[in-house]
Structures are given as C-alpha cells and as structure tokens.
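Notes for the one structure printed next.
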Amino acid sequence: MASSDSAHSIGGDFLAALKRTFVPVILPLAAMWVMFVLSLVLGNWFNRTLALNARDFGGLIGIIFMPLLHGGFGHLLGNTMSWLILGGMTSMLTKRFTTVMVSLWLLSGAILWVIGTPWVCHAPAASGCVVNHIGASTVIYGFAAFIVTYAILARKFLAMIFGIFVAFIYGISMLIGMLPITPGVSWTGHLAGVIAGVLVAFFLTKEARAQRLVGKSSAVAPALDAPEQRGRGGRNKKKGDAADGMSIDYSKYT
C-alpha cells in the first residue's frame, strides 16, 4: 500500500513538473494557431494591420503582435516545430521561462523596429501580400541564441548539452537565415532575435558569473598568503587548495 501511494505521489509530481515546464510553451503557440485561423476567415486583415513596420510609429504595435502572425500554413508549421523544441529546451533550463520569453518577444521586436528592412512575405493565396514583418522566428532565434549563450556563461551540464545540440542542428541554418540572401525571409528579424537572446542570457547569468568569480578569487587568495610547505616528495597541498569556484549551485539563479 505504501509503495502504491509513493508511486502515485511520484506520478503526480511528474505531471505537475510537465505542466510547469510545457504549458507556458504551448499557450503562446496555441494563440498563433488561433490567429492564423482567424486570418483565413478575415482575409489576412491581422497581417495587414498588426504587422511590424520598421521605423514607423504606426508599426510599433507589431512588437506585440508580430510573433502571433504568419503568412501561410507552411510558415506556421515550421515555426511550430522549432518553437516546441527550442522553447521546450529553454523552459527546461530555467524556471523563469515566462520572463525569458516575454523579454525575447519584446526586445527582439524593438530591435527589429530599429534595424528592420522591407521584405516580401508568404501571403495566403488571393489575399495580397504584407511587406512588413510577421512571424515567430524572431523569438525562436532568440531561444536558440539564449540556449547557446546560457550554456557558455552558466556552464551547467544540461545547458551545455542543449547548447551543443542547438549549435550543431540549427547553427548553419541560423547563420544562413541571418543573411540577406533568401527572398521572402526577414533576415533582420532573425538577427534581432539572436541579439535579444544573447542579451537576455547575459543578464540572467549575471549573478551566477559574479559568484563564480568570487569563488575563484577566494580559492586563489589562501594559496598566495599561506607559507610554502614542502615535504620529502615535493609540495604538500592543503585540502581545498584546488577549488576553482566551478562547483557552485546555480539552481537558485534559474
């Protein structure tokens, strides 16, 4: 009976962890699909009205709505898969996923509003074309850049595994996506997402990096102050002299 209760408790905790991790990832994705269906009914009205228009005050609304808008089924489906994979990884790395996502969402949009260039979108048939920026790829590129940068700065095992995966699986395609060589692709949007991802990861790991430096300093100082102790076989090290500050528990920063 006790083992049954324990298994039930573990199962409940696992389901609760899944909800905490993936519900914040799925909800924005569901909103994208709702907006896409509505755009089909309304004849692309959302894409014409709520897209981001760079350096135009009327286009500032796109900072909020641009990631929810897509030009076609293929566009949305491709972003759906990348959102689930990269967003899911980001949510597994940090308990602050909502903060990270909102920061990437707004910051990438703001950067794109400043540096964005006109582009030709993938519009649904017979609905015309929107020349402004739409799509969730700015945030998706932000997720990818966040994961790689977080892995480099935080140096957590899971983050490093995810960072290597993203670099090898998405690295080349991301680099191509940030070059003005593919018609119909908002390369400045991708670039804005990468910039936002690096900045958000750098800010999120600020305290962890500072404490790691303190740990290194405290490990070096005793070695400089203590008198040399030599034995018959050479120098004897005190226990703890080899500490490099890398064994810090970073969980409280996530």
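Model, not experiment: these values are computed from the prediction. All values below were derived from every heavy atom in this structure, side-chain atoms included, with hydrogens, water molecules and symmetry-related copies excluded.
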| query | Passes side chain to side chain contact (heavy atoms under 4.5 Å, CB included), W105 versus L68? Steps please. | reply | CA-CA 10 Å; W105 191 299; L68 298 175; 3.6 Å; yes
Checklist entry - Are F146 and Y141 near enough that their ring centres are under 6.0 Å apart? => result no
- prompt: Any chain of hydrophobic side-chain contacts (each under 4.5 Å) joining V198 to L179?
  reply: no
Do R55 side-chain atoms and G116 backbone N/O form a donor-acceptor pair below 3.5 Å?
yes
Correct closest heavy-atom pair for V166 and M89 would be CG2-SD, 4.0 Å
For W83 and V25, the nearest pair of non-hydrogen atoms, with its separation, is NE1-O, 2.8 Å
Residue pairs meeting ring pair (Phe, Tyr, Trp, His ring centres under 6.0 Å), one or both in residues 38-67, sequence neighbours left out, come to F57-W113
*Are L50 and V34 co-members of a hydrophobic cluster defined by side-chain heavy atoms under 4.5 Å apart?*
yes
With I140 as partner, the option from L86, I85, T80 fulfilling side chain to side chain contact (heavy atoms under 4.5 Å, CB included) is L86
To the nearest 0.5 Å, atom CG of N44 lies from atom CD1 of I134 at 7.0 Å
Please tabulate, for side-chain N and O atoms in residues 14-23, each donor-acceptor pair with protein atoms closer than 3.5 Å (sequence neighbours left out).
residue : atom : partner : partner atom : Å
T21     : OG1  : A17     : O            : 2.8

Query raised in the report: In the single-linkage hydrophobic clustering (I, L, V, M, F, W, Y; side-chain heavy atoms under 4.5 Å), do M32 and L84 co-cluster?
Result: yes
request  = Indicate yes or no for a side-chain donor-acceptor contact from S39 to the backbone of F36 under 3.5 Å, with no hydrogens or angles considered.
outcome  = yes
Closest non-hydrogen contact found for L93 with Y150 is O-OH, 4.0 Å
Rounding to 0.5 Å, atoms CD1 (I147) and CD1 (I152) come to a distance of 12.5 Å
NE2 of H133 to CD1 of I63, rounded to nearest 0.5 Å, is 11.5 Å
Note to self: Between S91 and G87 (side chain of the first, backbone of the second, donor and acceptor by atom type, cut-off under 3.5 Å), is there such a pair?
What the structure shows: no
**Report entry** same_hphob_cluster(F168, L175) at 4.5 Å side-chain heavy-atom cutoff
**Finding:** no
In terms of hydrophobic clustering (I, L, V, M, F, W, Y; side-chain heavy atoms under 4.5 Å; direct or indirect links), are W33 and M35 co-clustered? yes
In short, A136 meets N79 closest at the heavy-atom pair N-ND2, 3.5 Å
In this structure, CE of M178 is separated from OG of S186 (nearest 0.5 Å) by 12.5 Å
Heavy atoms of G71 and N47 approach each other most closely as CA-ND2, 4.0 Å
What one should report as the nearest heavy-atom pair of L52 and G109 is CD1-O, 3.5 Å
Under 3.5 Å donor-acceptor pairs involving side-chain atoms of residues 189-196, not counting sequence neighbours:
residue : atom : partner : partner atom : Å
H190    : ND1  : G177    : O            : 2.8
H190    : NE2  : S137    : OG           : 3.2

